[in-house]
Number of protein chains: 2
Amino acid sequence: MSNNLNFVAKLRNSGLRPTKQRIKICEILFGGKETFHFSINDLSKIVAQKTNEKISLATIYNTVHAFLGKGYLKQIAVNSEQSYYDTNVSDHHHFYDEDKSQLIDIHDCEVEPVKINKKIPGKKIKSIEVLVKVQNN
Amino acid sequence: MSNNLNFVAKLRNSGLRPTKQRIKICEILFGGKETFHFSINDLSKIVAQKTNEKISLATIYNTVHAFLGKGYLKQIAVNSEQSYYDTNVSDHHHFYDEDKSQLIDIHDCEVEPVKINKKIPGKKIKSIEVLVKVQNN
DNA sequence: TTATTACTTTAGAATAGTTATAATCTAAGC
DNA sequence: GCTTAGATTATAACTATTCTAAAGTAATAA
Ligand SMILES: [Mn+2]
Ligand SMILES: [Mn+2]
Ligand SMILES: [Zn+2]
Ligand SMILES: [Zn+2]
């Protein structure tokens with residue numbers, strides 16, 4: 001609960017009004033020790049489970065977009081069915097378990113630096129991400 | 001046109017009947033010297049432009065799925081807006097130009113081999129793909 | 001405190017990519 | 001040619017996401 005003051009400050013500093021919906025979503029996304037991956041549907045379920053007053057799906061989308069824009073979340077491209085988001089915004093990579101439809105972190109230090117011997121004139125690199133698809137053996 | 005006999009054979013060998021729609025789509029996808037990347041919408045436009053009798057959108061989806069299943073196409077995860085497909089089914093990587101919404105190949109030989117120092121018990125690696133997002137500088 | 005205003009939430013409509021349905025058509029084999 | 005399994009098609013359905021516009025709320029000026 002004292003954490004909430006931090007979230008209020010975080011939101012204010014970002015130019016986002018600290019509404020009770022946003023604070024609740026902050027608690028869920030940033031209140032735990034571990035970072036995690038989620039879809040909008042996942043987040044929606046967690047919100048429903050941890051809250052009495054419900055938060056509309058529109059607000060969940062709005063908030064995730066706002067947090068993305070502020071750099072508090074990262075969007076991960078896995079497939080074209082739905083978007084995945086990551087509360088870990090550091091540079092890192094992922095396993096994607098196709099059996100469980102689940103992302104697993106690969107820390108930057110767990111991958112030899114990716115060296116790309118090709119340049120595109122007039123373009124700068126924005127991100128380099130490795131996706132390792134795995135399945136049961 | 002003599003190419004078409006190859007496509008007919010290719011389809012027959014795959015257990016796919018060589019319909020005129022599939023042959024046409026083969027010509028478009030595999031008839032050129034260069035491989036390329038496309039969305040269903042892209043393919044749909046190319047078909048419309050190169051054909052008199054139109055091919056229904058359902059058939060385009062069906063055919064792309066059939067070719068994916070046979071390993072003649074590869075699906076590339078870029079974002080969750082739509083699926084991208086690649087006529088280059090070899091192991092390789094991609095730039096994604098966010099300004100043009102366009103994929104560009106990075107050959108396997110243009111990237112130092114990606115070494116991952118992490119394993120997931122009970123899982124085997126199915127693919128390793130690097131996506132390098134670039135933008136105008 | 002109250003009033004004003006800009007921002008936020010919300011239900012529901014709209015949109016877009018994709019998949020399912022079921023009627024019609026056609027390639028393959030007899 | 002006849003039969004049949006597989007293919008095509010228009011269209012409906014589905015799902016993730018975005019849009020709309022009305023009602024609610026936080027910030028702040030009076
Ligand atoms: Mn992650
Ligand atoms: Mn490619
Ligand atoms: Zn690490
Ligand atoms: Zn090469």
- Query: For atom NZ of B:Lys115, is the number of surrounding heavy atoms from other residues, nucleotides or ligands below 6.0 Å larger than 12?
  - Reply: no
- Message: Whether A:Thr59 contacts C:dT10 is assessed here as follows: a side-chain N or O lying under 4.0 Å from the phosphate OP1 or OP2. Is that the case?
- Response: yes
- Query: Reckon A:Thr19 has a side-chain N or O less than 4.0 Å from the OP1 or OP2 of C:dT9?
  - Reply: yes
- Note on the structure: Atom OH of A:Tyr84 and atom P of D:dA16 are separated, to the nearest Å, by 10 Å
- Item | B:Arg22 side-chain proximity, nearest of D:dA7, C:dG12, C:dT18 | D:dA7
- Check the distance between D:dT9's P and B:Leu57's CG and give it to me in whole angstrom. 11 Å
- Item | Closest to the B:Gln82 side chain, choosing from D:dT17, D:dA10, C:dG17 | C:dG17
- In whole angstrom, give the distance that lies between atom CD of B:Glu81 and atom P of D:dT18. 8 Å
- Query: Does A:Arg12 place a side-chain N or O at less than 4.0 Å from the phosphate oxygens OP1/OP2 of D:dA27?
  - Reply: yes
- Message: Which nucleotide wins on minimum distance to the side chain of A:Ser80, given the candidates D:dT11, C:dA28, C:dT18?
- Response: C:dT18
- Separation of A:Asn13 atom CG from D:dA27 atom P, in whole Å? 12 Å
- Expressed in angstrom and rounded to an integer, what is the separation of B:Leu43 atom CG from C:dT18 atom P? 12 Å
- From the list B:Val47, B:Thr51, B:Asn62, B:Thr59, side chain to side chain contact (heavy atoms under 4.5 Å, CB included) partner of B:Gln21 resolves to B:Thr59
- Considering only side-chain heavy atoms of A:Arg17, which listed nucleotide, C:dA27, D:dT17, D:dT25, is closest? D:dT25
- How close or far is atom C1' of C:dT9 from atom CD1 of A:Ile23, stated in whole angstroms? 14 Å
- Whole Å only: how far is the CG atom of A:Asn79 from the P atom of D:dA16? 11 Å
- Going by atom types alone, do B:Lys123 and A:Asn136 pair a side-chain donor with an acceptor below 3.5 Å? yes
- Distance in angstrom units between A:Asp42 CG and D:dT15 C1', rounded: 15 Å
- Task: Check whether any side-chain nitrogen or oxygen of A:His65 sits under 4.0 Å from OP1 or OP2 of D:dT18, and answer yes or no.
- Result: yes
- Note on the structure: When B:Lys20 and B:Tyr85 are each assigned the nearest nucleotide of DNA chain C, the 5'-most assignment goes to B:Tyr85
- Message: Which is more 5' along DNA chain C, the nucleotide nearest B:Asn41 or the one nearest B:Pro18? Just name the residue.
- Response: B:Asn41
- Message: With a 4.0 Å cutoff (strictly under), does any side-chain N or O of A:Gln21 reach OP1 or OP2 of C:dT10?
- Response: yes
- Examine the side chains of A:Asp42 and A:Ser39 and answer whether a donor and an acceptor come within less than 3.5 Å of each other. yes
- Message: Counting only side-chain heavy atoms from C-beta out, which of D:dA7, C:dA6, D:dT17 sits nearest to A:Ser83?
- Response: D:dT17
- Message: Testing the 3.5 Å rule here: is there a donor-acceptor pair between the side chains of A:His37 and A:Asp105?
- Response: yes
- Message: Would you say that A:Thr87 contacts A:Phe67 through its side chain, given a criterion of any heavy-atom pair below 4.5 Å between the two side chains?
- Response: no
- Message: Please confirm whether the shortest side-chain N or O distance from B:Tyr61 to OP1 or OP2 of C:dT19 is below 4.0 Å.
- Response: no
- Using a cut-off of 4.0 Å on non-hydrogen atoms, how would the nucleic acid contact of A:Asn62 be classed: base, sugar-phosphate, or nothing? base
